[in-house]
Amino acid sequence: MKNFIITLICALSMAIPTYAQKGLNDKADNIVGEYLTDRGGSKSKVRVTKAADGTYTAQLFWVENPNDANGKKRKDVNNPDKNLRNVDIDKVVIVKGLKYIKEDKQWGETKIYDPSKGIRVNVTAEFISANKLKLRGTVFGIGTTIYWQKLK
């Protein structure tokens with residue numbers, strides 16, 4: 001009986017996160033909110049909002065080190081669009097046109113922008129827990145995974 005109870009507790013503890021994950025990925029607007037990111041020791045905060053066309057936009061609103069060595073606000077100097085190179089680093093839009101893919105219970109069909117490298121790559125996103133969003137960026141099938149911690 002004791003082994004049965006231990007097995008049951010283990011099974012339930014594994015099922016609860018899966019249920020929570022599926023619930024969070026079931027509704028498109030669940031992605032809306034604020035997130036903390038840490039990419040290579042560089043922390044920033046991202047706000048995801050819903051656009052008028054029903055897609056989602058992610059924009060930086062805080063970066064840990066916003067100023068350059070001269071004390072001036074850093075700009076998005078690596079942006080391939082020359083018109084956007086004068087945008088403050090803490091105001092850069094990193095995802096635009098993110099769509100919810102109901103069949104896959106994830107978000108995607110757009111690109112994510114990395115201001116440190118000035119590149120855009122295909123992106124998909126899905127919750128793996130109540131406060132953790134997994135983003136997978138790929139180019140030609142090769143990619144990397146990052147995690148955003150949901151703050152609110």
Side-chain angles (χ1 to χ4, degrees), residues 6-66 74-152:
I6 292 171
T7 302
L8 181 62
I9 290 171
C10 289
L12 287 174
S13 67
M14 292 175 73
I16 291 170
T18 302
Y19 175 76
Q21 171 190 345
K22 287 183 180 182
L24 288 166
N25 292 320
D26 284 345
K27 186 177 175 199
D29 285 354
N30 284 344
I31 199 166
V32 172
E34 295 180 358
Y35 298 84
L36 176 66
T37 72
D38 187 348
R39 182 143 164 91
S42 178
K43 293 180 182 175
S44 57
K45 292 182 182 177
V46 177
R47 183 173 292 120
V48 176
T49 57
K50 188 171 185 176
D53 65 0
T55 64
Y56 300 89
T57 301
Q59 181 174 10
L60 295 172
F61 70 91
W62 174 86
V63 295
E64 190 171 36
N65 299 306
R74 289 188 296 133
K75 305 291 182 183
D76 187 15
V77 296
N78 296 323
N79 200 310
D81 182 342
K82 292 179 183 178
N83 295 323
L84 297 176
R85 290 183 182 167
N86 206 28
V87 173
D88 290 345
I89 199 68
D90 59 357
K91 292 180 176 49
V92 174
V93 173
I94 59 173
V95 178
K96 199 172 185 179
L98 186 67
K99 296 178 183 175
Y100 178 66
I101 307 157
K102 189 173 185 175
E103 308 81 49
D104 298 336
K105 297 188 186 295
Q106 67 179 14
W107 295 261
E109 296 187 6
T110 194
K111 296 185 181 288
I112 188 168
Y113 172 63
D114 180 349
S116 67
K117 297 178 182 171
I119 60 170
R120 287 180 172 77
V121 298
N122 297 324
V123 68
T124 58
E126 65 181 318
F127 284 97
I128 60 167
S129 71
N131 65 348
K132 196 176 232 182
L133 184 68
K134 173 182 149 185
L135 292 99
R136 177 84 179 148
T138 59
V139 176
F140 302 117
I142 300 169
T144 189
T145 301
I146 60 171
Y147 299 93
W148 291 359
Q149 179 185 348
K150 192 161 189 178
L151 301 172
K152 57 178 173 172

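What you see is a predicted model; the values in this text were computed from it and never measured. Throughout, residue positions are numbered sequentially from 1 according to the sequence presented.
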Donor-acceptor contact below 3.5 Å, side chain W107 vs main chain A28: yes
Contact summary for P115 and V92, nearest pair of heavy atoms: CG-CG1, 4.3 Å
Does the side chain of L135 come within less than 4.5 Å of I112's, by heavy atoms? yes
Can a donor-acceptor pair be found, under 3.5 Å and without considering hydrogens, that links the side chain of D114 to the backbone of I119? no
Could you check whether any side-chain N or O of K150 sits under 3.5 Å from a backbone N or O of V32, counting only pairs where one atom can act as donor and the other as acceptor? yes
Nearest heavy-atom neighbours spanning T110 and G97: CB-O, 3.7 Å
Full working for side chain to side chain contact (heavy atoms under 4.5 Å, CB included) between N25 and Q106: CA-CA 6 Å; N25 292 320; Q106 67 179 14; 5.9 Å; no
Does some side-chain heavy atom of V121 sit less than 4.5 Å from a side-chain heavy atom of K111? no
To check you understand the geometry: which heavy-atom pair defines the closest contact between Y113 and P80, and what is its length? CE1-CD, 3.9 Å
Please identify which of these residues, T57, T124, I31, meets the side chain to side chain contact (heavy atoms under 4.5 Å, CB included) condition with L98. I31
Is the shortest distance from a Lys or Arg side-chain nitrogen in K75 or D88 to a carboxylate oxygen in the other one below 4.0 Å? yes
Closest approach of R85 to N79 (non-hydrogen atoms, all atoms of both residues): NE-O, 2.6 Å
Check the side chains of Y56 and D29 for a donor-acceptor pair under 3.5 angstrom, ignoring hydrogens and angles. yes
Inter- and intrachain pairs under side-chain hydrogen bond (donor to acceptor under 3.5 Å, both in side chains), touching residues 93-103, at least two apart: none
Should T37 and W148 count as side-chain neighbours, where that means a heavy-atom distance under 4.5 Å? yes
Quick check: closest heavy atoms across S129 and L24, and the distance to 0.1 Å? O-CD1, 3.3 Å
